[in-house]
Amino acid sequence: MSAHEPLSTLQTPPEPGDGWDHPGNWLLRAWLARSVPEDLLAQHRPVLAELGRLSGGDWYRMQLEDRLNEPRLTSWSAWGERIDEIELTPLWRRAHRWAAEYGLVATGYDASLGRHARLLQFARAWMYIPSTDFYGCPLAMTDGAARILSDAGNDELAGRALPHLLSTDPGAFWTSGQWMTETVGGSDVGRTETIARRDEHGRWRLTGRKWFTSAATSEIALTLARPDGNPDGSRGLALFYLEPRDEAGRLQNIEVLRLKDKLGTRKLPTAELWLDGAPATPVNGLERGVAAIAPMLNITRTWNAVTACALMQRALALAGDYARKRIAFGRPLAELPLHRETLADLEADHAAASSALLATVDLLGTVEQGEPDDADTAALRLLTPLIKLGTARDAVAGVSEALEAFGGAGYIEDTGIPQLLRDVQVLSIWEGTTNVLSLDTLRALAAVGIEPWLARMNGRLDGCRQPALNARVKQAREQLGAVPHWLAGDPQALEPQARRLALNLYRLTGLVELLALADHWLGRGDDRPLAVARHYQDLRFRLEPLRGG
Ligand code: MFK
C-alpha cells in the first residue's frame, strides 16, 4: 500500500445543494407563492433558480478555494508615496459584478414590481448571500443610501449617485459605505466627534476619525459630522455625502489607518479612517443627523436579518446533507432519532425567524411602493428592530448548533464551517447590538404604540380557517392577549426588561406568521408548514417571563 493511499474510510464532504430548489428552502418558496401573483413570480423564478444553482454550486466552490485570501492594505508605494490601496479578494471582485448583474439593489427600486419589489429583491439576496463572503454588507449600505437619496429632496446628489447605486451594469455600479462608528462607540452615535467646517471656497470639509468603516472601497459614503458651532448630541449632527476618491482614484484628504483584525467577516475590508478635511456635501440640512441617517439604518437592519436567515439556511443545508452521508452506529445520522430531532428543532427556529423576516420585508414593500395606511407604517417601525435582533440571535445560536452536528469536522477550518460561525457572530453587533435594538423597540413603541402590531397579529390569526389549527391559534391568541399587560405601567420600569420584551414580540411574530402560512397551505393540501409551526410552538414557545409582569 502506498503511503498516500487512505488507510481508512473517506468521508464524502457535505454539499449545500441548489439554493433555490433545495427541499430545505420550502419556506421561502411557499411564502413567495402565497404573496406574489403567479404571473409576476413566474417571470422571476428563472433568475432565482439560476442564483440558487450558482450559489450552491460554482460560487460555493469558489468560496472554498478563496478561503485563505483576505483583503490587503498597502499604505505606501515603493517610492514613498502614501497610496492606501486596498486589494480585495478574488471572490469579492466577482461578487461586485454578480451583485450588479443580478440587480441585488436595483430590484428593490423597480417601480414595475410595485409592492412586491422588496420580496423579489430579498429573495435574490437570500440566494446570493451565503456564497459571497459578506458582500451583502456593502449592498445593504448601498440600498440604505439609495433609500435616503431617493427621499432626501437633494436633486443634485440623487441625480449624481442614484443611477450608479441602482445600476445593473457592473462597470457603472457603485456601492456606498456608512461611516458612523467612532472611537466613542458604535451605539451612542450622538457623541460623534467628527467636525465639519467650510473652507475658503465654501466647501464643507470633514475632520475626524472613523473607527469602523465597513467596505472601505465603496465609491461613496454617507457619514455624520458636527458642523462647527452646532450643539452637542445627535440633533447637532448633520448627514453628509462624500466620494472618498477623486477621478484619478486618489483618496481625497482621507488616510486608511489600518484594516480591522476581526473575529469574522474577514473578507470585508473594514477600515479605520482618518478624515483630514475630506470634501463632503450635506444631504438634507445641517442638523438632526441621526434622524436623517435612520432610514439607512432600518434598511441595513433588514439586510442583517436576511443575512441571518440565509446563513442559517446554508448551515442547515450542509448539516442535513452531512446527516444523510455520515454513517455512525450503523446508520446514517439522518436516521438516528435524536440527531434528526436536533435538526428538526433548528428547522423550526429557522422557519419562524424567516416568517418574521419575510412578513417585514413584505410590509416594507407595501410601505415603499404599495398603498400603505398609517398602521402599516407604524407596524413596520416596530417590526424592523424586532427582526434585526431576533434573527441575529437565532442565527448565532443556530449556526453554533449546526456546527456541532458535524462533530469534530465542524471545528476544522478547511471544511469552511468555522467561518460560518465567526461570520454570523457579527449579526448581533453590526447595525446595533441586541440591547441597542431592544431600546429601539421601546423608542418605536413610544412613537407608534403596540396597537398596529397587535391588530396585525390578531388579523393574521382571525384569517386562520383550518380546523387543524384551532388549538394552536387559541394558544397564540392567549399569548398575544398578555402583551398589553406587559406594557401597562411606568415605561421607565420597562427599560431593564426591554430585551425580554423585544424577544417575546419577535417570537410571537414568527409564530403567528408561521401559523398563517400553515393555514394557507393546509387549504391547498400541503401540511409541512403546519408540522413545522407545531414543532416551533411546542419546542420554543416558552415566553421569557417579565419580572413583575
Ligand atoms: C457586516 C460586517 C460588519 C463588520 C464589522 C462591524 C463591527 C461593528 C461596527 C459597528 O459599530 S456597527 C454599529 C452601527 N451603529 C448603529 O447601528 C447605531 C446604533 N445606535 C442606535 O441605533 C441608537 O439607537 C441611536 C444612535 C439611533 C440613538 O440616537 P440618539 O440620538 O441617542 O436617540 P434619539 O434622540 O432617540 O433619536 C434621534 C432621532 O432619530 C429621533 O428623531 P427626532 O429627532 O425626530 O426626534 C428618533 O426618532 C430617530 N430615530 C432613531 N432611531 C430610529 C429613528 N427613526 C427611525 N428609525 C429608527 N430606527
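We count ligands from 1, going down the list as the structure has it; atoms in each ligand are counted the same way.
Close to ligand 1: Ser214, with a non-hydrogen atom less than 4.0 angstrom away. The closest approach between a heavy atom of Arg381 and any atom of ligand 1 is below 4.0 Å.
Inter-residue side-chain proximity for Ile86 and Arg72 is flagged as unmet; no heavy-atom pair is nearer than 4.5 Å. Under the 4.5 Å side-chain criterion, counting only non-hydrogen atoms from C-beta, Glu182 is not in contact with Arg191.
With rounding to the nearest 0.5 Å, the separation of CD in Glu243 from CD in Gln252 is 7.5 Å. Taking OG1 of Thr434 as the start and CZ of Arg499 as the end, the distance is 5.0 Å to the nearest 0.5 Å. Note that the NE2 atom of His350 and the CE atom of Met312 stand 5.5 Å from one another [nearest 0.5 Å].
Ligand-side atoms of ligand 1 in range of Ser234: 30 (P), 31 (O), 38 (C), range being under 4.0 angstrom from any heavy atom. Interface of Asn298 with ligand 1, defined as ligand atoms under 4.0 Å from a residue heavy atom, comprises 56 (C), 57 (N), 58 (C), 59 (N). Heavy-atom proximity to Phe134, at under 4.0 Å, picks out these atoms of ligand 1: 1 (C). Close approach of ligand 1 to Ala294 is summarised as follows: ligand atoms under 4.0 Å from at least one heavy atom of the residue are 53 (C), 54 (C), 55 (N), 56 (C), 57 (N), 58 (C). Taking every non-hydrogen atom of Ser187 and a distance limit under 4.0 Å, the qualifying atoms of ligand 1 come out as 19 (C), 20 (N), 21 (C), 23 (C), 26 (C). Close approach of ligand 1 to Leu268 (heavy-atom distance below 4.0 Å) involves ligand atoms 1 (C), 2 (C), 3 (C), 4 (C). Every atom of ligand 1 is numbered from 1 in the order shown, and the set under 4.0 Å from a heavy atom of Val189 is 18 (C), 26 (C). In the vicinity of Cys137, heavy-atom distances shorter than 4.0 Å reach the ligand 1 atoms 1 (C).
With a heavy-atom cut-off of 4.0 Å, Arg301 touches ligand 1 through its side chain alone. No part of Thr384 comes within 4.0 Å of ligand 1, judged by heavy-atom distances.
Taking the ring centre of Phe134 as origin, the terminal cationic atom of Lys267 falls outside the region bounded by 6.0 Å and 45° from the ring axis. Judged by the 6.0 Å and 45° rule, Lys260 forms a cation-pi pair with Trp211.
Remark: atom 32 (O) of ligand 1 lies closer than 4.0 Å to no protein heavy atom.
Of the charged side-chain nitrogens involved, at least one lies within less than 4.0 Å of a carboxylate oxygen, so that Glu368 and Arg147 count as a salt-bridged pair. Residues Arg118 and Asp143 are paired through a salt bridge, judged by an N-O separation under 4.0 Å between the basic side chain and the carboxylate.
Protein heavy atom at the shortest distance from atom 15 (N) of ligand 1 is Gly186 O, 2.9 Å. Of the protein's heavy atoms, Val290 CG1, 3.7 Å lies nearest to atom 29 (O) of ligand 1. Among all non-hydrogen protein atoms, the one lying nearest atom 8 (C) of ligand 1 is Ile429 CG2, 4.0 Å. When hydrogens are left out, the protein atom nearest atom 41 (C) of ligand 1 is Ala291 CB, 4.5 Å; that is the closest non-hydrogen contact. Atom 28 (C) of ligand 1 has Arg443 NH2, 3.4 Å as its closest protein atom, hydrogens excluded (heavy atom only). Among protein heavy atoms, atom 5 (C) of ligand 1 sits closest to Val426 CG2, 3.9 Å. Taking atom 21 (C) of ligand 1 as the reference point, the nearest protein heavy-atom neighbour is Val436 CG1, 3.5 Å. Of the protein's non-hydrogen atoms, the one nearest atom 9 (C) of ligand 1 is Phe212 CG, 3.7 Å.
Using bins of under 30°, 30° to 60° and over 60° for the plane-to-plane angle, the ring pair Phe173/His96 lands in the tilted bin. Taking the six-membered ring for Trp and thresholds of 30 and 60 degrees, Trp59 and Trp98 have nearly parallel ring planes, at less than 30 degrees apart.
Between Gln178 and ligand 1, not a single N/O pair is under 3.5 Å apart. The distance criterion of under 3.5 Å between nitrogen or oxygen atoms is not met by Trp430 with respect to ligand 1.
By the neighbour-count criterion of 12 heavy atoms within 6.0 Å, atom CD of Glu101 is densely surrounded, having more than that number from other residues, nucleotides or ligands.
Residue Arg235 holds the heavy atom nearest to atom 46 (O) of ligand 1 of all those in Arg235, Met180, Arg288.
Across Ala392 and Asn304, no two heavy atoms sit closer than the pair CB-ND2, 4.2 Å.
The side chain to side chain contact (heavy atoms under 4.5 Å, CB included) test applied to Tyr60 returns Glu15, Pro16, Gln63, Leu64, Ser131, Arg314, Leu318, not counting sequence neighbours.
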